[in-house]
Protein chains: 2
Amino acid sequence: MHRPRKEMIAETRAKLITAARQAFGTIGYAEASMDDFTASAGLTRGALYHHFGDKKGLLQAVIAEIDGEMAARVNEVAARAPTRWQSFVDECTTYIEMALEPEIQRIMFRDGPAVLGDPALWPNANACVGSMTDHLTALQQDGVVVTGVDPETAARLINGASSQAAQRIANSNDPEATSKTVVAAFRQLLEGLLKKADGPADQRR
Amino acid sequence: MHRPRKEMIAETRAKLITAARQAFGTIGYAEASMDDFTASAGLTRGALYHHFGDKKGLLQAVIAEIDGEMAARVNEVAARAPTRWQSFVDECTTYIEMALEPEIQRIMFRDGPAVLGDPALWPNANACVGSMTDHLTALQQDGVVVTGVDPETAARLINGASSQAAQRIANSNDPEATSKTVVAAFRQLLEGLLKKADGPADQRR
DNA sequence: TCAATTGGCATACGATGCGTATGTAAGTAG
DNA sequence: CTACTTACATACGCATCGTATGCCAATTGA
């Protein structure tokens, strides 16, 4: 049998990723000692270097995992909206909600870009942007969104705004109230993508 | 006389800031060895710790300096626009242009937030956002921009979008062309802030 | 079943970089 | 002129990283 063997290996990989994710998400990448969090997983740095090459490699793996989860959540939300535009807006707000979680904010929006560079160049991450891009493309074909804007570009810009939105809410001393004003401003910006009213654009809401 | 004395001190501070700015802007904060770049300024870490407390303190000083320069540039551009809205748009595009510079992008948008946290909480930085906020407030009073959006919030969101815009341009293999599409999409988003010229009926649900 | 070998992971080592404690020389005040 | 402060350098200990090496279990082939 070589099943048990493979399973053990996958398990150690998973344990390392989980431990690193915990450490990166709380104290941050730079402050996370490899000795410490590998030990918390019952392992040593030896395992880490064997599987991931270095600390950055482990961060990439953590990011890939989180990105997968984010994409799943976004798709789930988008799937149960009545219209495409609504689906798109829900997608964006879900994105903001996720960016509110400290772990995601820290790893995906702060330490990640600082250590690995522009997220747009990450090989296995930001499936969310892909989803948003698809929605925008479809909305253009539906005549809801203005043509002339590149969907992926728009998705990236919205992405950046979302990140700021989340930070503003997260650092507020009254998150409830702040959330309302921030989401309102955010939606107002999105309106800029809509074709000017008075066509068959009633669908959009 | 204590003039020469004070001047020498200010000079060492300036030399440290300049050397650090160079190092942070090129190889990045984490990779910049304090021994190395203090030596490149003809000093040692002793001077650094004396004046700035620690590496983070020096980064703060560097950021404050850059922020001052950015604010100056933005104000200069904004001052010579015919209308307020145009002034605002110019301000934003100038912001994008500045974010294109590797040094600014690296220090202000990547390493800075990663090391010091949310820029909105920086004590002595982001004068640009303040300027944009003022413009938005005035534009609301002019009846150009929709009321109901918080100006500072909007400024922050735009800020985030600008940062993404700059990264997209900077990492493109055809920056000229990319710049056009990115700025186009960016302006389209800004349109969302404008009051609709004609009738009612365009309020959100 | 029993070598032989591979691969997963731990241990040991050297190097680098940070922060602090201490030293020193120049300037300042009484 | 003496005592004190200030600006900066030097010296030390500690943590952390990457690599080189070692060991043991699991797999493979006969």
Side-chain angles (χ1 to χ4, degrees), chain A residues 1-62 106-107 111-112 114-117, chain B residues 1-62 106-107 111-112 114-117:
Chain A
M1 280 275 182
H2 35 99
R3 273 298 155 195
R5 172 75 161 173
K6 290 291 174 198
E7 283 171 15
M8 291 305 292
I9 294 170
E11 190 181 330
T12 55
R13 275 186 64 98
K15 279 198 285 191
L16 283 173
I17 291 177
T18 301
R21 179 172 170 168
Q22 158 70 19
F24 294 164
T26 52
I27 60 177
Y29 176 85
E31 309 303 319
S33 159
M34 299 167 76
D35 279 321
D36 287 353
F37 68 73
T38 52
S40 83
L43 296 162
T44 69
R45 279 181 309 141
L48 192 159
Y49 280 102
H50 182 73
H51 285 291
F52 301 100
D54 60 353
K55 203 179 179 183
K56 287 185 181 181
L58 181 51
L59 177 61
Q60 282 184 357
V62 169
R106 181 107 208 198
I107 297 177
D111 291 351
V115 176
L116 302 177
Chain B
M1 47 169 72
H2 30 101
R3 271 296 153 193
R5 171 77 162 175
K6 290 290 174 198
E7 283 171 15
M8 291 304 294
I9 294 170
E11 189 182 330
T12 54
R13 275 186 62 99
K15 279 198 283 191
L16 283 173
I17 291 176
T18 302
R21 179 171 171 170
Q22 158 69 19
F24 294 164
T26 50
I27 60 177
Y29 176 85
E31 310 303 320
S33 160
M34 299 166 76
D35 279 321
D36 287 354
F37 67 74
T38 53
S40 83
L43 296 163
T44 69
R45 280 182 307 143
L48 192 159
Y49 280 103
H50 181 74
H51 285 293
F52 302 100
D54 60 353
K55 202 179 179 183
K56 286 186 183 180
L58 181 52
L59 177 60
Q60 283 185 357
V62 169
R106 180 107 208 199
I107 297 177
D111 291 351
V115 175
L116 302 177

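Below, chains carry the letters A, B, ... as their sequence lines are ordered, and counting in each starts from 1. Computed from heavy atoms alone, side chains included, the values below leave out hydrogens, waters and symmetry copies.
Look at OH on A/Tyr49: it is 7 Å from P on D/dT19, rounded to the nearest Å. The nearest whole Å value for the distance from the CD atom in A/Glu31 to the P atom in D/dC17 is 10 Å. If you take CD1 of B/Ile9 and P of D/dT6, they are 10 Å apart, rounded to a whole angstrom. Rounding to whole angstrom units, CG of residue B/Asp54 and C1' of C/dG17 are separated by 14 Å. Between A/Leu48 atom CG and D/dT19 atom P there is a gap of 12 Å when expressed in whole angstrom units.
Taking both residues in full, the closest heavy atoms of B/Val62 and B/Ile17 are given as CG2-O, 3.8 Å, listed atom of the first, atom of the second, then distance. Taking all atoms of both residues into account, the shortest heavy-atom contact from A/Leu58 to A/Ala20 is CD2-CB, 3.5 Å.
B/Arg13 is linked by a side chain to side chain donor-acceptor pair (under 3.5 Å) to nothing, counting only residues two or more places apart in sequence or in another chain.
Each salt bridge (charged side-chain N to carboxylate O under 4.0 Å, His left out) pair with one or both residues in residues 20-38 of chain A, not counting sequence neighbours, appears once here: A/Arg21-A/Glu65, A/Arg21-A/Glu69, A/Arg21-A/Glu103, A/Asp35-A/Arg45. For the ring-ring contact (aromatic ring centres under 6.0 Å, His included) condition, the pairs that include at least one residue of residues 13-50 of chain A, sequence neighbours left out, are A/Phe24-A/Tyr29, A/Phe24-A/Phe37. Among pairs with a residue in residues 50-62 of chain B, none fulfils salt bridge (charged side-chain N to carboxylate O under 4.0 Å, His left out), at least two apart in sequence or across chains.
Between B/Ile9 and B/His51 the shortest side-chain heavy-atom distance falls below 4.5 Å. In this structure the side chain of A/Leu43 never reaches within 4.5 angstrom of the side chain of A/Leu48, judged on heavy atoms.
Backbone-only engagement by A/Ala32 is indicated by non-hydrogen atom pairs under 4.0 Å involving sugar-phosphate atoms exclusively.
Listed by residue number, the members of residues 11-22 of chain B with any heavy atom below 4.0 angstrom from DNA chain D are B/Thr12. For the segment residues 33-47 of chain A, residues with any heavy atom less than 4.0 angstrom from an atom of DNA chain D are, sorted by number, A/Ser33, A/Met34, A/Arg45.
Closest to the side chain of A/His50, from the set D/dA7, C/dG8, D/dT19, is C/dG8.
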* **Derivation of the side-chain contact (heavy atoms from CB on, under 4.5 Å) call for A/Leu116 and A/Leu59** => CA-CA 9 Å; A/Leu116 302 177; A/Leu59 177 61; 4.0 Å; yes
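The phosphate of C/dG19 (OP1 or OP2) has no side-chain N or O of B/Lys55 nearer than 4.0 angstrom. Taking side-chain N and O atoms only, A/His51 has a distance below 4.0 Å to OP1 or OP2 of C/dC9.
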